[in-house]
Amino acid sequence: MSVTQIQTLLTPPNKDAADAKTLAYLNSHFNTFDDLNELDTLLETETAKKDTLTAQWSTSETELKEFLANTRRSLAEHVHTAQELSLLRHSLTDELAFLNDELLSSLSNRGLGPSLLEDIETQHRNLKELETIKGYVQVVALALQYKEASKAQMEKLDPSAPISAASISGIPKMLLVQQTLNLVTFLRKTRSKACKLLSVVEPLGWPGAIDFKSATASVRKDFEDAFTNLLRLQDLKASFYSEPSTEKLYPLEALVQPVSLRFKFHFEGSRQTNRLDKPEWYFTHVLNVIHEHRDVMEGAIQRLLQSAKRKDSDAQREFTILLFPLLHRKLRATIPTLLAHPPLLAHTIYQAISFDATLKEQNFEPSPEDDFPDGISGVLLGNAQLFDTWLAGEKKFVDEQYEEMRQSREAWSLVDVESEREGDQFDTKVTNSARRVKSLVEQVTVSPNRSKFFLSVQLPLLQRYYTQLGDSLDAFENITTRMLRGVPGALTVNFGSGEEGGVTLDARPIVSGVEGLQKLCKALLSAKYICKALSTWGEDLFFLELWTEMNNQSSLRSIVEESPMLPAPSPTVEGTIFDKLSGMYSQLSERAHEMVIQQVTSEVEQSLRAHFTAINSPDPSTTQPPSEESLSISPTLLRPISLLSTHLTFLRQTLEPSVVVTLYRSITSRLSEHILQRQILYRGGITREEGRNVLLECDLWLETCQGALAGTLGGGRNRVESPWLKFIEASRIVGSEGEDWDKIVSTTNGGLDDEAWEGEMFGLLGSSVLSREEVSRILRRRETHD
């Protein structure tokens with residue numbers, strides 16, 4: 001029975017519902033008076049039912065009490081059982097924890113002893129180690145026996161006696177054991193100690209710098225005999241194998257041993273010279289060793305190799321390669337510490353790269369067959385973890401340096417670059433920011449993983465600087481455009497909040513005059529400087545190899561295709577890696593170049609407005625009768641003349657001559673055309689005296705340009721006048737008088753053909769750049785008022 005049914009049965013009777021049910025029954029069964037006769041029968045029936053139900057209720061009540069009592073007893077028993085099970089669960093948990101502790105390893109931090117399984121594993125390892133040690137000891141004993149035997153044999157033999165094959169009959173057996181147990185290092189040391197070369201080289205002063213020529217004849221002969229015997233020993237060993245040997249030369253390996261001991265004494269012990277922050281010390285030490293022994297290697301030892309039929313061997317190269325393991329051993333020992341100190345890691349890598357670069361300058365290039373094909377820097381950069389750590393540090397360093405440069409007040413200061421190395425073809429002046437960017441790009445060029453370094457550090461730096469230059473030109477252009485359009489309030493900047501508390505500055509001074517021109521020249525110089533640097537880098541062997549690598553590897557080719565700063569890859573490897581970026585910087589410099597022209601011409605033309613207004617609308621009250629003495633320069637012309645002179649002088653002092661020449665021609669060509677149109681062609685009538693004033697002003701423009709350029713153009717006055725020729729010719733026409741004027745008029749209006757006319761005009765005016773129609777228009781302006 002469900003809970004709902006129990007609740008329904010326990011609900012007390014509803015009297016109203018019972019009354020309604022009774023009334024409904026009576027109404028349905030007793031509709032007439034005769035139906036009342038059945039009432040007694042119905043009453044008896046219902047009374048019997050009541051008695052039956054009463055008896056059933058009494059029975060149910062008795063059974064319910066018994067059921068409740070049984071339920072309570074059962075519940076008490078279940079609670080007791082649950083309590084016992086809970087206690088049992090806790091007991092099992094404690095036992096499991098104890099067993100778990102018994103199984104824990106001794107390597108845990110709970111201070112427990114080793115488990116049984118660990119004891120068994122330890123015993124197995126010890127057994128294997130003892131077996132290995134036994135084999136090593138056997139090989140060591142065998143090697144020492146051969147050493148003593150070799151020494152005894154050499155003591156009995158004459159130093160000049162050659163080594164025989166019989167005297168080394170035990171070598172193959174020892175080499176077989178050597179290959180099995182990997183005792184190469186020990187056996188090579190034993191071989192070096194067994195040879196007599198080290199004893200005969202000591203009188204020469206080895207491992208210090210030696211003067212072989214100054215040694216006595218007996219010392220030289222002992223050295224040569226011992227050296228040759230070791231070469232013969234190597235040849236005899238090679239005869240045991242069918243494949244060619246890749247071993248280094250035995251005599252040079254023996255000579256390197258004292259050098260290695262000295263290196264270990266200074267840089268691998270507890271001496272003050274063993275400093276982690278001074279990697280340049282041990283790199284310089286190895287370079288000094290290479291330099292000190294170059295003469296003897298290229299001289300006496302090279303002759304010994306040639307006499308021993310080893311003409312293909314280069315003693316200096318072989319000796320240098322044998323010194324690499326010294327640095328490799330030192331670097332491997334410091335790698336764990338360097339990983340925890342990125343600045344020290346970067347410094348060590350720089351020194352390793354410098355070491356490789358120094359050897360490259362000495363015509364040493366590692367080959368793919370060498371143990372260190374990428375040089376010593378490859379030991380560090382070839383390690384993926386080291387390289388990633390260094391790359392992250394380099395990227396952070398470059399970002400910090402760039403941000404520091406960008407925020408520096410000296411970032412856009414112009415500096416001379418004459419003090420740079422010879423052969424540098426860059427501009428005379430350049431900004432500090434451009435030099436800093438170039439320096440950061442050139443700071444490191446690595447061979448291993450060079451594509452990753454280029455794409456992660458160098459290329460983003462060049463892209464960032466390109467964006468900064470473009471943004472600065474955009475900002476300058478926006479301000480000057482608003483200035484030309486005369487937008488109210490567009491050239492003021494407000495600092496602070498509120499109308500009364502803020503400070504309002506006018507932006508005009510920073511984009512006009514020499515101040516504005518200087519900003520454009522700095523952008524021009526920076527873009528040209530980086531553009532020329534990109535062209536130089538593109539032809540460098542390092543970047544040519546990098547571009548070839550990017551074109552040939554599919555993984556790199558996909559990255560190149562997605563980069564907006566790199567040219568499209570090609571299977572034929574066309575162009576250089578910087579072609580597209582160089583073109584972008586070139587466009588940036590051309591844009592700055594055009595903005596310089598626009599800046600100068602617009603300012604001069606704007607300042608000429610007052611002058612043109614004055615000559616086209618003179619004040620009648622101040623007009624005087626024309627005379628010879630009345631010819632003078634209008635005061636309104638002095639400001640534009642001075643402005644042009646100031647701009648040209650600044651350009652001459654800032655830019656290289658070739659750029660100044662181009663800018664001068666463009667600027668003065670536009671100004672000449674503007675003045676010609678406003679002062680002559682599109683002016684009203686011109687009197688003779690006004691024409692002479694125009695001629696006088698033309699001479700003043702020319703004198704101003706010549707003085708400002710101070711001979712930068714070369715070629716004298718003719719090159720200064722070249723962009724002004726149209727205006728010069730027009731001013732000479734309106735300023736001519738008397739017979740010259742009559743000849744110009746008659747020649748132009750006569751019946752001469754154009755070729756004859758140009759010849760006559762050239763004879764009269766010194767040039768003939770204006771067309772016949774333009775000359776006719778100028779004559780009509782003058783004739784109207786003559």
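Since the model is a prediction, treat every value here as computed from it, not as a measurement.
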S.K.: Could you tell me whether Arg450 sits above the aromatic face of Phe542, with NZ or CZ closer than 6.0 angstrom to the six-membered ring centre and within 45 degrees of the axis?
M.R.: yes
S.K.: Can you classify the ring geometry of Phe543 versus Phe454 as parallel (below 30°), tilted (30 to 60°) or perpendicular (above 60°)?
M.R.: perpendicular
S.K.: More than 12 heavy atoms of other residues, nucleotides or ligands under 6.0 Å from CD of Glu755: yes or no?
M.R.: no
S.K.: Can a donor-acceptor pair be found between the side chains of Ser408 and Glu410 at a distance below 3.5 Å?
M.R.: no
S.K.: Judged by modelled atom types alone, do Ser776 and Thr748 share a side-chain donor-acceptor pair under 3.5 Å?
M.R.: no
S.K.: How far apart are the closest heavy atoms of Pro569 and Val560, and which atoms are they?
M.R.: CD-CG1, 3.8 Å
S.K.: Does a side chain donor of either Glu594 or Gln598 reach within less than 3.5 Å of an acceptor in the other side chain?
M.R.: no
S.K.: Ignoring hydrogens and angles, tell me if any N or O in the side chain of Glu721 forms a donor-acceptor pair with the backbone of Leu702 under 3.5 Å.
M.R.: no
S.K.: Which pair of heavy atoms, one from Leu709 and one from Arg652, lies closest together, and at what distance?
M.R.: O-CD, 2.7 Å
S.K.: Regarding Arg591 and Glu477, does a basic nitrogen lie under 4.0 Å from an acidic carboxylate oxygen?
M.R.: yes
S.K.: Which atom names give the shortest non-hydrogen contact between Cys705 and Leu648, and what distance separates them?
M.R.: SG-CD1, 4.0 Å
S.K.: Does any part of the side chain of Leu764, heavy atoms only, come nearer than 4.5 Å to the side chain of Thr747, both counted from C-beta?
M.R.: yes
S.K.: Taking the six-membered ring for Trp, are Tyr466 and Tyr585 parallel (under 30°), tilted (30 to 60°) or perpendicular (over 60°)?
M.R.: perpendicular
S.K.: Tell me whether the NZ or CZ atom of Arg777 lies within the 45° cone about the ring axis of Tyr682 and under 6.0 Å from its centre.
M.R.: yes
S.K.: Answer yes or no: is there an ion pair linking Glu603 with Arg609, defined by an N-O contact shorter than 4.0 Å?
M.R.: no
S.K.: Is there a salt bridge (Lys or Arg N to Asp or Glu O under 4.0 Å) between Glu404 and Arg409 once you walk through the steps?
M.R.: CA-CA 10 Å; Glu404 180 182 349; Arg409 294 183 178 180; over 6 Å; no
S.K.: Would you say Leu391 and Lys395 make side-chain contact, with heavy atoms under 4.5 Å?
M.R.: no
S.K.: Could you list the residues that satisfy ring-ring contact (aromatic ring centres under 6.0 Å, His included) with Trp412, not counting sequence neighbours?
M.R.: none
S.K.: Is a side-chain donor or acceptor of Lys522 paired with a backbone partner of Leu414 at a separation under 3.5 angstrom?
M.R.: no
S.K.: Given 3.5 Å as the limit, does a donor-acceptor pair link the side chain of Arg781 with the main chain of Leu681, or not?
M.R.: yes
S.K.: So, taking the atom named CG in Leu524 and the one named NZ in Lys528, what distance separates them when rounded to the nearest 0.5 Å?
M.R.: 6.0 Å
S.K.: With a 4.5 Å cut-off on side-chain heavy atoms, are Val720 and Thr668 touching?
M.R.: no
S.K.: Does the side chain of Ser767 pick up a donor-acceptor pair with the side chain of Glu729 at under 3.5 Å?
M.R.: yes
S.K.: Around atom NZ of Lys580, are there more than 12 heavy atoms of other residues, nucleotides or ligands at under 6.0 Å?
M.R.: yes
S.K.: Tell me the closest heavy-atom pair linking Tyr465 and Ala434, and the distance in Å.
M.R.: OH-N, 3.3 Å
S.K.: Is the closest side-chain donor-acceptor distance between His611 and Glu697 under 3.5 Å?
M.R.: yes
S.K.: Return the minimal non-hydrogen interatomic distance between Trp701 and Leu608, and the atom names on each side.
M.R.: CZ2-CD2, 3.9 Å
S.K.: Any luck finding a side-chain donor-acceptor pair between Thr576 and Trp547 under 3.5 Å?
M.R.: no
S.K.: Does the side chain of Met550 come within less than 4.5 Å of Ser451's, by heavy atoms?
M.R.: yes
S.K.: Quick test of your reading of the model: are Arg717 and Glu703 salt-bridged, counting only N-O distances below 4.0 Å?
M.R.: yes
S.K.: For the OG atom of Ser589 and the OH atom of Tyr529, what is their distance to the nearest 0.5 Å?
M.R.: 15.0 Å
S.K.: In terms of side-chain geometry, is the basic nitrogen of Glu403 or Arg436 positioned less than 4.0 Å from the acidic oxygen of its partner?
M.R.: no
S.K.: I'd like to know if Arg732 and Asp699 make a salt bridge, using a cut-off of under 4.0 Å between side-chain N and carboxylate O.
M.R.: no
S.K.: How close do Met761 and Ser768 get, heavy atom to heavy atom, and via which atoms?
M.R.: CB-OG, 4.2 Å
S.K.: Does the side chain of Tyr402 come within less than 4.5 Å of Gln468's, by heavy atoms?
M.R.: yes
S.K.: For Gln407, look at atom CD and say whether over 12 heavy atoms of other residues, nucleotides or ligands are found less than 6.0 Å away.
M.R.: yes
